[in-house]
Amino acid sequence: MYRTIDELVEKVDDRNKDNKISELIGVSIDKCFIKSVANTNGTDLSKYKVIRKNYFAVSLMQVSRDSKIPIARLEDYDVAIMSPAYPIFRVKDTSVVLPEYLEMWFKRPEFDREAAFIAVGGVRGSMPWEEFVKMKLPVPSMDRQKNIVKAYKTIIDRIALKQKINDNLEAQLSGFYHHLFDDPENSDPGLISDLGDVIGGATPPTGNSGYFCDDGIVWISPKDLTGTGLKFIYRGELCITEPAYNSCSTKLMPAGTVLFTSRAPVGTVAIAMNDICTNQGFKSVIPKEEIGTAFIYYFLKESKQLIESHASGTTFMEVSSNVMKNIPAIVPKPDVAKMFSLRCGPIFKIQEENELEISKLQELRETLISSISRR
């Protein structure tokens with residue numbers, strides 16, 4: 001049975017009248033809550049809206065422009081406050097629809113596409129609340145909702161477990177890096193160019209969209225890394241054809257190359273797991289054999305602020321190849337670099353396997369979300 005959102009939820013407009021709540025949050029385009037970084041000095045927080053656990057908040061501004069509605073269900077806080085601009089709502093009757101099920105529906109790409117279509121006629125592409133609540137969704141039996149939510153939670157919990165394992169392993173390796181290389185006896189001063197070849201990327205000439213393909217030479221852009229948390233990269237969203245590769249100055253780099261985003265945001269680091277080329281948003285380092293991938297990965301990761309301080313530009317901030325090559329670095333003694341690589345090798349393998357499992361689980365999660373309307 002299909003029902004409108006209006007049949008299932010009710011708007012809430014509680015205010016922080018006594019100023020007792022100070023946890024200020026917002027909703028991101030990725031449909032999750034984030035802590036606000038706004039400067040609230042001198043702001044009257046008594047006018048801000050109160051949101052409680054299992055309540056929803058939504059931003060209905062610029063929906064058609066972004067083709068996505070920032071909307072999320074509060075889980076991590078019992079109570080918080082939000083800007084008065086956010087509509088906040090809750091499920092009327094949890095015996096009719098589960099908040100978790102409703103949240104899954106809101107995460108469907110089809111939901112965003114429908115909302116963007118409706119919002120085209122709105123002022124600045126916004127979507128009035130009255131139009132939002134007219135949208136419909138299937139509401140199956142409570143048993144079926146519970147089964148769907150249980151399957152979804154199992155996937156989410158497994159992803160979280162694998163990510164926690166990887167985070168713990170990463171903390172161990174980062175600690176070992178500092179244990180070895182904070183000791184000046186284990187390295188010599190040098191430049192990033194002493195660690196390996198610094199290679200910039202490039203994009204095929206404008207207007208040659210036919211240069212991109214689904215199965216060709218692996219081509220990475222910063223958006224393939226930014227926000228993903230991936231340490232190991234096999235391919236990006238696009239590949240390029242051989243004519244495209246030959247038409248621009250991008251170079252094919254071998255597995256083990258360390259990729260570093262050199263345009264804002266500067267400092268995302270990853271390891272190429274096969275031959276790869278990139279656009280101009282990267283300055284990548286092909287390691288010298290005696291240095292190894294592991295050391296360069298952690299050096300670049302730990303040196304993000306140093307490298308970022310060398311960025312310049314008027315249109316956007318960027319670290320050029322010549323500048324990157326000449327940034328100061330520590331050059332590990334060969335025996336210490338080998339020791340570090342040997343320690344990292346088995347742990348890298350575990351992290352890589354976990355990332356591959358997380359990727360498969362994320363695909364399964366999206367499949368489950370997309371299949372709700374067929375259940």
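Position 1 is the first residue of the sequence, and the numbers go up from there.
Side-chain contact between K333 and E185 is absent, with no heavy-atom pair separated by less than 4.5 Å. Residues K162 and D167 form no side-chain contact, since every pair of their non-hydrogen atoms from C-beta on lies 4.5 Å or further apart.
Using cut-offs of 30° and 60° for the angle between ring planes, the Y177 and F295 rings count as tilted. Note: F232 and F348 have perpendicular aromatic rings, judged against thresholds of 30 and 60 degrees for the angle between ring planes.
Looking only at distances, a side-chain donor or acceptor of N16 sits under 3.5 Å from a matching main-chain atom of I21.
No salt bridge links E302 with K304; every basic N to acidic carboxylate O contact stays at or beyond 4.0 Å.
The other members of the hydrophobic cluster of V218, by chain and number, are I199, I220, L225, L230, I233, M253, L259, I276, F282, I286 (side-chain heavy atoms under 4.5 Å, ILVMFWY only).
Defined by atom type and a distance below 3.5 Å, a donor-acceptor pair is present between the side-chain atoms of D93 and S95. For the 3.5 Å distance criterion, the side chains of Q280 and T250 fail to qualify, holding no donor opposite an acceptor.
Listed here is the closest heavy atom pair of P87 and L60: CG-CD1, 4.2 Å. Nearest heavy-atom pair across C239 and R235 is SG-NH2, 3.2 Å.
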Verify side chain to side chain contact (heavy atoms under 4.5 Å, CB included) between N54 and V91, making sure each step is shown before the conclusion.
CA-CA 8 Å; N54 276 327; V91 168; over 6 Å; no
